[in-house]
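Computed from a prediction, not measured in an experiment: that's the story for all the values here.
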Amino acid sequence: MVPGVIPFGLVTGVMAVEQGFSPGATLGMTLLFFAGSAQMAALQLLRSDAVALVILLTALVINLRFVMYSASLAPYLHHLPRRWKWPLAYMLSDQAYALSIMRLSSGGDPVLGYWFYAGSALSMWLSWQLSVMAGVFIGAGIPASWSLEFAIPLSFLGLLVPAIRNCASLAAACVGGVVAVLAIGLPYNLGLLLASFCGICTGLFVGRRRSPAPASATNKEAP
């Protein structure tokens, strides 16, 4: 996942410099956010001179997906003390979630499971911070012909494909992708939230339709 994060961070750092952010302000924003898509959206809105409330609400809407991630991880991590949960919550990312939930949901030692999550999350955090820093200081030295933006959707596709394990997840991915494309014109990146909601509902519907019927509780005992 790290090679997919580096171009994303470079683009973010370059964009911040182009908008006149100082290196200190850019790196401070990166440490505070640690959410690449929200940071990119905030930078784009700042470029458009949007009001502060719109920028905050947009970042909040985009990051609502982390509520779903947290709910999914909670059964495996809820027993940890706060000294673990607070830093692990801060370092939650799309990549760390996708890698960890596949490991945690497959069974095995739960202790090794949350260490696996911690290692994945810390790797993504360090990669993001260092790549944004590189983008800040290299800046215009990165040729536009490299098309680094293309690596961003590729990294998310690399997360999506291994997570498709059954008909329900396939239906959720297809519906979510179609809705995201159709709703790309919605303001404040609401298309992302709508696509997530439609994908989740589709996955739940297909999963329930394909689940086996419960055994009858009225079976009589043999004489």
- request: Begin from the C-alpha positions of V2 and M124 and carry the test side-chain contact (heavy atoms from CB on, under 4.5 Å) through to its verdict.
  value: CA-CA 7 Å; V2 171; M124 293 299 105; 3.6 Å; yes

First locate atom [atom1] of [X], then atom [atom2] of [Y], and finally report the distance between them rounded to the nearest 0.5 Å.
{"X": "F34", "Y": "W128", "atom1": "CZ", "atom2": "CH2", "value": "8.5 Å"}
{"X": "F8", "Y": "S37", "atom1": "CZ", "atom2": "OG", "value": "5.5 Å"}
{"X": "Y90", "Y": "L31", "atom1": "OH", "atom2": "CG", "value": "5.0 Å"}
{"X": "M91", "Y": "L126", "atom1": "CE", "atom2": "CG", "value": "8.5 Å"}
{"X": "L182", "Y": "L194", "atom1": "CG", "atom2": "CG", "value": "9.5 Å"}
{"X": "M15", "Y": "L46", "atom1": "CE", "atom2": "CG", "value": "11.0 Å"}

Heavy-atom pair with the smallest gap, counting every atom of [X] and [Y]:
{"X": "L10", "Y": "A134", "value": "CD2-CB, 3.7 Å"}
{"X": "P87", "Y": "R82", "value": "CD-O, 4.0 Å"}
{"X": "S131", "Y": "I6", "value": "CB-O, 3.5 Å"}
{"X": "S100", "Y": "F116", "value": "CA-CE2, 3.9 Å"}
{"X": "V175", "Y": "G199", "value": "CG1-N, 4.5 Å"}
{"X": "G176", "Y": "A195", "value": "O-CB, 3.3 Å"}

Are the side chains of [Y] and [X] in contact, using a 4.5 Å heavy-atom criterion?
{"X": "L73", "Y": "H78", "value": "no"}
{"X": "V17", "Y": "V14", "value": "no"}
{"X": "Y97", "Y": "S70", "value": "no"}
{"X": "S196", "Y": "M68", "value": "yes"}
{"X": "L130", "Y": "W125", "value": "no"}
{"X": "F21", "Y": "V136", "value": "no"}
{"X": "V132", "Y": "M29", "value": "no"}
{"X": "L77", "Y": "K85", "value": "no"}

Are [X] and [Y] linked, directly or through other ILVMFWY residues, by side chains that come within less than 4.5 angstrom of each other?
{"X": "L60", "Y": "I55", "answer": "no"}
{"X": "L122", "Y": "Y76", "answer": "yes"}
{"X": "L80", "Y": "L92", "answer": "yes"}

message: Using ring centroids (six-membered ring only for Trp), state whether Y117 and Y114 fall under 6.0 Å.
response: no

task: Give the intermediate values and the outcome of side-chain contact (heavy atoms from CB on, under 4.5 Å) for residues S93 and Y69.
output: CA-CA 9 Å; S93 64; Y69 294 170; over 6 Å; no

Within a radius of less than 6.0 Å around [atom1] of [X], do more than 12 heavy atoms belonging to other residues, nucleotides or ligands occur?
{"X": "F197", "atom1": "CZ", "value": "no"}
{"X": "W84", "atom1": "CH2", "value": "yes"}
{"X": "I184", "atom1": "CD1", "value": "no"}

message: Could you check whether Q39 and T30, counting side-chain N and O atoms only, form a donor-acceptor pair closer than 3.5 Å?
response: yes

- request: Would you sort out whether M133 and T26 count as a side-chain contact (heavy atoms from CB on, under 4.5 Å), showing the intermediate values?
  value: CA-CA 8 Å; M133 186 183 301; T26 303; over 6 Å; no

